[in-house]
Every structure is written in structure tokens, then in C-alpha cells.
Student: 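Questions regarding the structure given below will be posed in turn.
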Amino acid sequence: GAGVVSGRADSRIAGAAQPQLVAAADGRVWLAYGQDHDVLVARSDDGGKTFQPPTKVTTEPELLLGMRRGPRLAVHGDRLTITLIAAELVSFQSADAGRTWTGPVKVNDAPASAQEGLHDLAASPNGELFVTWLDNRSGTMELWGAASADGGRSWSKNQRVYKSPAISVCECCHPSALFDAEGNLAVMWRNSIDGMRDMWMMTRPRGASQFGPARKVGEGSWPLKGCPMDGGRIVALGGGRFGAVFQRAGEVFLASDDGSEKSLGRGKQPVAAVVGASPLVLWQDGSDLVAMQTGQSPKKQAPDARFATIVALPGGHGAVLAYEQGAAKERRPEIVIERL
């Protein structure tokens, strides 16, 4: 069922997939996830220790779920916004911390252009939203975006964020978007140029209307015929600087904004959050989920676990982690939530 059962140190949700976490400045935490064709949100008022019974946002018969597809979530005060892709990319809004929802509002302004199902949503400190997605309206896959100043009740005209100088960006690696604490925005995607499937990033300074030039993330390149379906995550380093965690050829790297990179270990599907003063990175190593704080060795976090999401709690009070565990083949895993 849809109920959240609190365990000893975590919570579990049966039959649920593709979790996404977000934390407000006051320490409240929300979890969005998919369950069959439903999109649900649960709130925690104690920093992720326990969660209220979830609220159903919508039922979408064509909901795209799995391999980093699924709902995305943003928060500003009591205002929550969820984006998801079914037949189109749409948003739903809540003005009461997730108790009630309105929508859908369509985001992509070219029909069926977001049907690959891969997107991300970011909220700035002042509540501005930016959503980015893989878009095929031009006949090849490109990175597009839209902004909202009213919590997702309306969206700007779509803008092409990036077009590959070759044929297409990587067709099925999820893009990322992140505002830092100062309101600077970064977007990241996997590119496809001359056979190289490398991560690329663009940043938009606070107050600017346009992104700066695209730059490759990290040092090496990955010649690959095909798509690894692994988009990495952006890491805010402060002062308008952004790094990233990403996979290249079965190895996980942490890259800084100066182009340098550090190998963290074998694996895929990395995510990260800055906890304390340094990034806490999680990724899949075989069937295990492993965790690594900068300067330490990787440790096993959970067996038979995948598609982690992590959010740092304000004031340096640790982090909340959620991931899928078990029964992946039947598309009936459960979501496990842990305090770190």
C-alpha cells in the first residue's frame, strides 16, 4: 500500500520507485516517488526521521518511471512544485506544504517533445524555478529549459539551452539542474561529440538571463557507441563554482570546476550532496550502494540498492538518503529512507 512504515532507523515504502528528496530551510523534508501510475509526496517535520502519510498528487496512466525517470520536486517555504513526464512535461503546485495540489500545467510548448522522459527541476533561494529536459522537437536530441517565477503555475517560453555541434546530445542520460545558495544556476548533461560521451556543464550567474559557454566536465573522455543511461549530479562548491559526480567507463569521478577530477571507485549512478564542508557521494557498485565522504574510503551503505537520492539538512545537521531496494525486475521495489 501507500503507507509509510517507520522502521528502527529508517522508513520503507512498498511498491514504490524513483525517489526524490528535497529539504526546506527550516529542516522539513519531502519525498516524491512513483507507485504504479500514481505520483505521491510524503512530508517529514523532524528532518527525515519520520514521515507523514503520503498525499497523492496525480494519477498518470502514461507516467514515465525508472532509470532516473520520474517526478522531480522543489520547495520554497510552504510552496512545493512537482514536475513529471507522462505524455508531456507537466507541473503540479502546492501552496500548503504538500497537503493539496493543483495542476497540471504543461511546461514543454512543442507537443510530445519531452517524451524521452528525462528531466530535472531546481529551485533558487528566492523561489525561482528552472526545469531542464531532453527535447526532440528539432528532430535530434537537445537540452531545453523553462523558468517559473510563481511556483510552477506558469512557465516561460521554452529555450534551447544546448545543441550539440555533432548530431545530438546523449539520448537517454538524465540532465541535472542546480541552484547554489547564492542563486547561481548550473545545468549538466551527457554530450555526444565525435563519438565521445562526456559530461558537459553550463552555468548562469545570478541575475543573468543567458547561460555562459558550455565546458566539458573532468579530464578524460569516453569513446562509446551507445548511451550509458547515467547522468551524474551537480555539486555546488560555493562562490558560484560547481563541480560534479559522474560515471565514465564504469568508474565514478568527482570533478572540480577547474577541470580536474578524482577517481572515487568502480561503479555507476552517482549522486552527491555537500554535507558539512565536503561532498558526500553515493553510487552503485555492482548490486551494492556505497557511500564516501571526501577524504575517506568508500563503505557499503545498503545491499541490492539503486537510484539513490540525497539531500543535505540545513545547519550542518546531516543528510537524508532514499533509494530503491529489491524486486527491480518486477518494477515493485520498495523505497528505503535513512538519516545520515
Student: Check this for me, if you would: do Arg197 and Glu171 make a salt bridge, where the nitrogen-to-carboxylate-oxygen distance has to be below 4.0 angstrom?
Tutor: yes

Student: I'd like to know if Arg12 and Glu334 make a salt bridge, using a cut-off of under 4.0 Å between side-chain N and carboxylate O.
Tutor: yes

Student: Between Asp38 and Thr59, do the side chains contain an N or O donor and an N or O acceptor separated by less than 3.5 Å?
Tutor: yes

Student: In the structure I gave you, are the side-chain heavy atoms of Glu338 and Gln301 within less than 4.5 Å of one another anywhere?
Tutor: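 Side chain of Glu338 against side chain of Gln301, heavy atoms only: contact under 4.5 Å found.
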
Student: Please tell me whether Ser91 and Trp155 have a donor and an acceptor in their side chains that are separated by less than 3.5 angstrom.
Tutor: yes

Student: Hey, what do you get for CG (Asp258) to CZ (Arg215), rounding to the nearest 0.5 Å?
Tutor: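 Separation between the atoms: 8.5 Å.
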
Student: Decide, yes or no, whether a salt bridge links Arg204 with Glu128 under the criterion of side-chain N to carboxylate O below 4.0 Å.
Tutor: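 Glu128 and Arg204: salt-bridged.
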
Student: Could you check whether Arg233 pairs with Asp120 (Lys NZ or Arg NE/NH1/NH2 to Asp/Glu carboxylate O, under 4.0 Å)?
Tutor: yes

Student: Has the side chain of Ser113 got a donor or acceptor atom that lies under 3.5 Å from a matching backbone atom of Asn136?
Tutor: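 Judged by distance alone, no pair lies under 3.5 Å.
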
Student: Can you list the steps and then say if Trp133 with Thr83 is a side-chain contact (heavy atoms from CB on, under 4.5 Å)?
Tutor: CA-CA 11 Å; Trp133 66 93; Thr83 51; over 6 Å; no

Student: State which residues pass ring-ring contact (aromatic ring centres under 6.0 Å, His included) with Phe130; sequence neighbours excluded, sorted by chain then number.
Tutor: Phe211

Student: Give the cluster check for Ile193 versus Leu134: same hydrophobic cluster or not, with ILVMFWY residues linked at side-chain heavy-atom distances below 4.5 Å.
Tutor: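 Cluster IDs for Ile193 and Leu134 match.
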
Student: For residues 283-290, which side-chain donor-acceptor pairs fall under 3.5 Å, sequence neighbours excluded?
Tutor:
from, atom 1, to, atom 2, distance (Å)
Trp283, NE1, Arg266, O, 2.8
Gln284, OE1, Phe307, N, 2.8

Student: Pairs under 3.5 angstrom only: tabulate donor-acceptor contacts from the side chains of residues 223-230 to other protein residues two or more places apart or in another chain.
Tutor:
from, atom 1, to, atom 2, distance (Å)
Asp230, OD1, Gln269, N, 3.4
Asp230, OD2, Gln247, NE2, 2.7
Asp230, OD2, Gln269, N, 2.6

Student: With a cut-off of 6.0 Å (strictly less than), are more than 12 heavy atoms of other residues, nucleotides or ligands near CG of Asp194?
Tutor: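 Counting other residues, nucleotides and ligands, CG of Asp194 stays at 12 neighbours or fewer.
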
Student: For Arg99, check side chain to side chain contact (heavy atoms under 4.5 Å, CB included) against everything at least two apart and list the hits.
Tutor: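 For Arg99 the side chain to side chain contact (heavy atoms under 4.5 Å, CB included) partners, ignoring immediate neighbours, are Arg43, Asp96, Ala97.
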
Student: Using side-chain contact (heavy atoms from CB on, under 4.5 Å), reason through Glu219 and Phe253 one step at a time and then give a plain yes or no.
Tutor: CA-CA 10 Å; Glu219 298 170 29; Phe253 293 89; over 6 Å; no

Student: Which is it for Ser138 and Arg160 under the side-chain contact (heavy atoms from CB on, under 4.5 Å) test, yes or no, and what are the steps along the way?
Tutor: CA-CA 10 Å; Ser138 303; Arg160 179 193 281 131; 3.4 Å; yes

Student: Could you tell me whether the side chain of Ser176 and the main chain of Gly232 form a donor-acceptor pair under 3.5 Å?
Tutor: yes

Student: Please enumerate all residues that pass side chain to side chain contact (heavy atoms under 4.5 Å, CB included) together with Ala16, with sequence neighbours excluded.
Tutor: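 Partners of Ala16 under the side chain to side chain contact (heavy atoms under 4.5 Å, CB included) test: Ile13, Tyr33, Gln35, Ile335.
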
Student: Indicate whether the side chain of Arg137 and that of Asn158 have a donor and an acceptor atom separated by less than 3.5 Å.
Tutor: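 Judged by distance alone, the side chains do pair up.
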
Student: Let me confirm one number: the OG-CG distance from Ser124 to Leu129, rounded to the nearest 0.5 Å.
Tutor: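 If I round to the nearest 0.5 Å, the distance is 7.5 Å.
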
Student: What pairs of residues pass the ring pair (Phe, Tyr, Trp, His ring centres under 6.0 Å) test when at least one of them lies in residues 168-206, not counting sequence neighbours?
Tutor: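 Matches after skipping sequence neighbours: Tyr162-Trp189.
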
Student: Are more than 12 heavy atoms from other residues, nucleotides or ligands located less than 6.0 Å from atom NZ of Lys157?
Tutor: no

Student: Starting at CG of Asp36, measure out to CD of Glu60 and round the result to the nearest 0.5 Å.
Tutor: 13.5 Å

